[in-house]
Every structure is written in structure tokens, then in C-alpha cells.
There are 2 protein chains.
Amino acid sequence: MDTKLSYSLRELAQLAGVSKSTASRVISGNGYASPDVRERVLKAAEELRYKPNAVARAMVAKRTYNIGVIVFRDKLPIVSHTLYGKIVDEILMAAENLGYSIFLKTDREMSLRSMDYMLEQRVDGLILISRLRKNVIDYVKKFNIPYIMVNGSTEDPDVVHLVSNDEAGGERAAEHLYDQGHRGFFIVAGPVEHRSHSLRLSGFLNKLGRLDDRKRTIAEEDRQSGQGSDGIVDETSTKAEDASRISIVTVAESPDSGFDSGVRLMEERYEEFRSGGYTALFATNDMLALGAMKVLLENGVHVPEDVSVMGYDNTDLGGMYHPALTTVSVDAAGLGRDAVAILDRMIGGQENVPRLIEYESEVIARRSTRGEGNGTCSGIGNT
Amino acid sequence: MDTKLSYSLRELAQLAGVSKSTASRVISGNGYASPDVRERVLKAAEELRYKPNAVARAMVAKRTYNIGVIVFRDKLPIVSHTLYGKIVDEILMAAENLGYSIFLKTDREMSLRSMDYMLEQRVDGLILISRLRKNVIDYVKKFNIPYIMVNGSTEDPDVVHLVSNDEAGGERAAEHLYDQGHRGFFIVAGPVEHRSHSLRLSGFLNKLGRLDDRKRTIAEEDRQSGQGSDGIVDETSTKAEDASRISIVTVAESPDSGFDSGVRLMEERYEEFRSGGYTALFATNDMLALGAMKVLLENGVHVPEDVSVMGYDNTDLGGMYHPALTTVSVDAAGLGRDAVAILDRMIGGQENVPRLIEYESEVIARRSTRGEGNGTCSGIGNT
DNA sequence: ATGTGATGTGGGAACGGTCCCACAAAGAGG
DNA sequence: CCTCTTTGTGGGACCGTTCCCACATCACAT
């Protein structure tokens, strides 16, 4: 008896002396059952350690209450990816609250295998994280399964996707560094095929251009209105350093976006960097920033005294570094929470879901850039 | 037609003009089917985008090919936990290779809710990661489901568990620092209720004691054999510093094991540390080590010139830090791979599975300790 | 007494597969 | 030509639920 893995509703009903319909009503809570019967069934359930079989239930309900999460990646399999790990964590919590369980897969983007797996009615819906190309999307589209993209790199208007507003984030980063007086920028840009990297870069560059134009305009007005004028002048422009125009902007493209790539890139271009008059380094993600910063530190460059370094993503790692990395936050919590919530609505058949949600980013000022940044960091790493 | 979510085997058979038994044979590959029929069925499957329903299949097979992974944690939900993230990654890959899918849950250890979920025949087996107390184990035991513990903290002999040999690792850490000439040790110990932390600590302390005894013995032999003796003398003992006995060993207990705890602990005891004559700091995991090290660095202490710092776990983060953290590796890959492999055997009904496997650890020498450590690190952090 | 409605309970089809078994057709050996 | 096997196909039970519907019982009003 004890060797039996589990009991069925029929066996439970038999023990309780009722029909399986009645037992079902008591267990599932749908339908009538007299107190007497209810008690008998519950007692029997207790005795047999009865647990309803979720598989059978899913079959008739045509609903599994499972959500598939696929994290696409280039090379290494990475749940421990500092940003995606956070998003997955949030998804896990949000799913739990809504009664869903999560199937997690990591996959190279060209393989459709794990997709197939999920498509076998194993899940009610799909959350796709990160880059994935058209062929994958087209494939998923063929099957009528609700899915949603998080931090993806497609611009397909049919696809529901949640992204952070990387362009605005890039602009804020530029503004932050510019306001701190920097005029020589070295930018480490991750793969431009990535939506995130390319938007962060363009946001940064565009903002820099506009700031510079404004500066020029003010300077000209200053000249036109003559010396000793009371004309409206931007207050920062009174300082000599701020008044100067941007001296140099260099974009160094990295084919990859990991820490190692940051290291490699800076090692290769260290001499150029050292002699170029750069005072600020911006990377399109934290990992690249940290990799590059590590090389600088190892070469005796002081951060932020000699060079300010700024990343993007607000990974926990950045906050733990010495010096703590100034960065731009990505609302991983919002991304994860909403992904599940919206998918849940799609699974429920609702049509009026937003096609695109953008999450705002903000600068997290810390020690790696000039200024008053604090060195705190969020918790991570319990064993 | 296009609005239909999916087609059943019956519909497929109908289109192909065969019975569902025949269609099943073709699709599943079990049993006879003439080339003619086979082709017709496959063509129909193509047309309907037929996918076998995994739920129905699981019901009759009483086999889901799903494995549940539950990561227990104290406070924060953390897949992004640098060590567990790695283990989960490995499990994901290993599972993929063996044809399993992974249900991932993080849970506080007292809640049995996610356990219940898994127990509803949703999975073929369970992998439990990290600390979980007796009540959880007892609960799982009641249901006859194969399960395995990874890096757990129980000593229950019934439970199959995979752990790293933390005691030996602690010893190696002690040896490493001792051999580098350190005689004043400050130890940051994580929660002693954790098997890992307590064994790492005891291994470290015991080894230190033995090394010290040996040193004394050698010194006495040295004295006895008179000056200018050719007696066997440990080569390192010729150096004055090495010959000296251990001067001080302090164990600072941290109630928690995260980065923040390391920071907090060192901030509180900084004065004591500074004036105590310590030249080496060992923490029972990387996070505590990095937290403590960050405080030292911020106070102008040079690592490793003034103090050597050593952690444990070999998290990617340690290798990225500046200075790169010397640490003791944990075979996350082996742990994850074997967890799935052994569980697979248990699911298959095999009885002769090992009850306990210990994985050896080795010192990863890097820059944060005196010596020739290299500063490389493994890749992480692609976006 | 009898219809009527509320209140519980049981029977059985359905979900979408697998697989055992029956059976038809065709080829081989007497 | 008739059995006997081989080979391919179909019928249908079964897995463990849910849920619709039928039906039994009983109180109450007619």
C-alpha cells in the first residue's frame, strides 16, 4: 500500500463511500456536498494523502497553469546573467502570485527545439526574453499560443513586447556625464544589432549633440549681447570648463556584450584611450563598463578622479564594485511583473492588451563618476 | 480553421484517412506503418501543424519528463544568486540533454506550497537546492517521489545528496594562506547552521591548528639538533616570517551570508581589524569576502599588499573584481550535471544510486592574495 | 395525496493520447 | 488449395479528472 505512488479520485471515492463525482465536488470545491459527505471525503483524502493529478486536470480543463520562459542567449547559457536573472526572479514571484508555475529554458536563438517542447500544450503561454530573430517569431506565430517578449530586439508591431526606454536612458546618461563637466567621451558600445545597445548609444550621442548645440547657442548669445551683459545665461555656462564645447567623442564597438569583451576592448585600445583626453567612459551595459573599468584600474588609472565610468542596467554587481558603478536602472521588477500579468490576460482571452510598454530608466549615481554618488548597493548573494 | 488552437490525433487520422491507432504509430514511431501510410500521415501532420499533446501523453504514460527544481532561500528571491544561478544553469543544460524540462521555483523554506504544486504529479522528480529543514524533507518523504538534494544542509542518511567537500576546501584555503606566510587571520563566517559555512570554517580552523603544530614540531627539532644542523626542515620554515607561529585567529560570525552582511560586519569591526595585526581575511563565501573587502578598499587598505582576502565559491563576480578575488572553487557544473543524471536513474527505478557524492574543491589563486595569482575570470554577462 | 422545487448524489461522456488485441490480407509451405 | 505465419491496420479500453445531466429524496404548498 505504501508503495503506491498516489491514489486516484476513484480510489478516494471508494474509501469515502461516495461516487467519484461527489468526491470531485468536495476536492475541487465546485458543487454541492453535504457536511457529512464532505467530512468523510476529506478524512479519506487525508488518509490517502490524496493529491489531485494536475495532468489529468489540465487535460480536461485545457489549461495547465504553466508558463514557459525562454531566455535566448548567444553563447553561454546564463540564468546567472545579472540582468536576466533578476527578471526571471521577478517573473517567478509574479507567477507564483497568480497561480502559475514556470518552465524555464535557455536556448540559442536558432534552435526551435525548446520552442517545440513548449508548444506541445505544455504551457498556457510563453515569455520570450532577449534577442530572438524573425524566424523564431514567425514560428511561434503559427501556433495560436499567447506569447510576450521581454527586452527583445524585434520591432514587429504584432508582437506584444515590454522594453525599457533605452533611448531615453541613453540620453539621461549623457546628460549626467555632461552636467558633471565631462567633454571628452569614450563610448563602449555593445552589439548594435541589439535593440538595447543601439538605442542606448543613439540616445547618448543625440543628447550629447543637443547639449553641445545648446552650449554653442548660449555662447553666441553671450558674445552678441556684449561683455557685462545681463542676458539670460545658463548658470552652468559661467564655469569655464562647462562653457567649453565637447572636445572628443569616440565610439568603440564591441562585438559581444560581456565582461570579457569589455576587458578585451579596453586592453586593445588602452593607449588610444590614455592619450585621447577622455574624462568619461560610457558603456551600453554594466558588464562592458566593469570590464573596461577593471583594465583602467589595473593600469593605475583612478576612477573617478582621472576618468568617470558609467554603465547601464543597474545590475547588483555594479553596486558591489569598488568603486561602485554609476549606471542607469532598468525596471526589472516592472518588466517581470507586467510580463506575467499581461500574459495572464492574454491567456484569459482578453484582446485589449497593450502592444508595447516602455519602462522609464533613471540614473543611479554612484562612486565611479565624479560627483556626490553614494556607494550603496542592493542585496544579493545569500548562500 | 485557423482559429483552432491545435488538432487532435483523431483529426489528424481523419485527414490522413487512417485510424488514430495508425496515426499514433507514425507519430510516436512505435509500431508498424507502411511507407504509403506513413507518408500520408506525415503530410497531414505537416498541414495541420500537428503537435502531440504532451499532457495527454503524460497522463497515459504516467511520466511527464519534467523535473522540479526548488531553490530555497532566506529572504530575497534569488535565481541571480551567483552560485545557485550557475548550478541552475547546469541543471538546465543537463536536463535538456536528457529530454527533461525544468520547473523552477524559489521558495522560503517553511512554505510547503510550491512543494505541493510539484507533488500533484506535475513532475517525475525533484531537485532541492540549498538549505531546507527537516519538516520539508519529512513532507517530501511521505510522497513517493524521487528527489535529490544539492548543496543542502541536512545530514539525513536517507536523502540522496550532492555536496561539495567543504571541509577539505576550508583546509585548502587555510593551507594556501598559511603557505603565503600569513599568521594573523580574520575569518568572516556565514551562518553556522549552514552545512557549507560551518564545514568551511571548521576545515579552515582545523588545518590552521595542524599547520601550527607541525611548525612547532619542526622548530623544536631544529632546536634539538643544534645550530647548523642538516635535519629535515620544511623549506618554507627557513624564512623568518614563515617560521613564526600563528599570532592571532579571530572568527567573526555573520548572521547572514550576503554581500551586505559582509559590508556591515566589516564596518562594525573595522577598528578591531585594523589594529589586530591581521594580514589575511578569509570568508566562508565570496559574497561575504567581497563585502568585507569593499569596506577595506574604501578605507584605503591595499589588497593584497596590506591584507590578503580570500573567499569561497568561485563565483564569476569574484574573478571580475578589482583586485580579482582568490577563492575556492565549487564544482557547480558537476553538481548540476550529476543531479539530473542521478535523478534520472532514480526516476527510472534504479535503486543503486549513491547516497552521497562529494565534489572536490580547489584553490583558485588570483590577485587578492599575495603571490602570483592571475586576474582572469570566466565569462559572464552577455546582454 | 400529489405536484413542485430545492438539495444532494451518481452515471457517464469527454479530454487526447498509448497500447493491447483482434483481424484482414498476403505470402509461404505442405 | 488450404493452412500457417507474417505484416499492417483498426477497435476500443484506459489514464484521472471535470462537468453535464439524470435522478432520488424530502419539505412544503396546493
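Just so you know, these numbers come straight off a predicted model, no measurement behind them. Residue numbering restarts at 1 for every chain, and letters A, B, ... go by the order of the sequence lines.
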Inset, instruction - Report the relative orientation of the aromatic rings in F103(B) and F103(A); use parallel for angles under 30°, tilted for 30 to 60°, perpendicular for over 60°. - result: parallel
Inset, instruction - Give a yes/no answer on whether the side chain of N30(B) brings an N or O atom under 4.0 Å of OP1 or OP2 in dT18(C). - result: no
Legend entry - Stem segments of DNA chain D by first residue number [Watson-Crick or G-U, under 3.5 Å, at least 3]: C:1-30 with D:1-30
Inset, instruction - Go through the side-chain N and O atoms of S130(B) and Y84(B) and say whether any donor and acceptor fall under 3.5 Å apart. - result: yes
Listing, residues 347-356 of chain A side-chain donor-acceptor contacts under 3.5 Å, not counting sequence neighbours, or none:
{"from": "Q350(A)", "atom 1": "OE1", "to": "R345(A)", "atom 2": "NE", "distance (Å)": "3.3"}
{"from": "R355(A)", "atom 1": "NH2", "to": "D158(A)", "atom 2": "O", "distance (Å)": "3.0"}

Legend entry - Pairing residues for R337(B) by the side-chain hydrogen bond (donor to acceptor under 3.5 Å, both in side chains) criterion, not counting sequence neighbours: none
For nucleotides 9-13 of chain C, tabulate all protein N/O to nucleotide N/O atom pairs closer than 3.5 Å, reporting atom names and distance.
{"from": "dT9(C)", "atom 1": "OP1", "to": "S34(A)", "atom 2": "OG", "distance (Å)": "2.8"}
{"from": "dT9(C)", "atom 1": "OP2", "to": "S34(A)", "atom 2": "N", "distance (Å)": "2.8"}
{"from": "dT9(C)", "atom 1": "OP2", "to": "S34(A)", "atom 2": "OG", "distance (Å)": "3.3"}
{"from": "dG10(C)", "atom 1": "OP2", "to": "S19(A)", "atom 2": "N", "distance (Å)": "2.8"}
{"from": "dG10(C)", "atom 1": "OP2", "to": "S19(A)", "atom 2": "OG", "distance (Å)": "3.2"}
{"from": "dG10(C)", "atom 1": "OP2", "to": "T22(A)", "atom 2": "OG1", "distance (Å)": "2.7"}
{"from": "dG10(C)", "atom 1": "N7", "to": "R25(A)", "atom 2": "NH2", "distance (Å)": "2.8"}
{"from": "dG10(C)", "atom 1": "O6", "to": "R25(A)", "atom 2": "NH2", "distance (Å)": "3.0"}
{"from": "dG11(C)", "atom 1": "N7", "to": "S21(A)", "atom 2": "OG", "distance (Å)": "2.9"}
{"from": "dG11(C)", "atom 1": "O6", "to": "S21(A)", "atom 2": "OG", "distance (Å)": "2.7"}
{"from": "dG12(C)", "atom 1": "O6", "to": "S21(A)", "atom 2": "OG", "distance (Å)": "2.9"}
{"from": "dA13(C)", "atom 1": "N6", "to": "K20(A)", "atom 2": "NZ", "distance (Å)": "3.3"}

Inset, instruction - Return the set of residues passing side-chain hydrogen bond (donor to acceptor under 3.5 Å, both in side chains) with K20(A) (not counting sequence neighbours), or none when no residue passes. - result: none
Inset, instruction - Check the distance between dT18(D)'s C1' and R10(A)'s CZ and give it to me in whole angstrom. - result: 16 Å
Inset, instruction - Measure across T64(A) and R122(B) and return the closest heavy-atom pair with its distance rounded to 0.1 Å. - result: O-NH1, 3.8 Å
Inset, instruction - Return no unless some side-chain N or O of S24(B) is found under 4.0 Å from OP1 or OP2 of dT18(C). - result: yes
Inset, instruction - Ignoring backbone atoms, establish whether Y50(A) has a side-chain N or O less than 4.0 Å from OP1 or OP2 of dT17(D). - result: yes
Inset, instruction - Considering just the side-chain nitrogens and oxygens of R57(B), establish if one lies under 4.0 Å of OP1 or OP2 belonging to dT18(C). - result: yes
Legend entry - N/O (side chain, K51(B)) to phosphate O (OP1/OP2, dG16(C)) under 4.0 Å: no
Inset, instruction - Sort and list the pairs that fulfil salt bridge (Lys or Arg N to Asp or Glu O under 4.0 Å) and have at least one residue in residues 27-40 of chain A, not counting sequence neighbours. - result: D36(A)-R40(A)
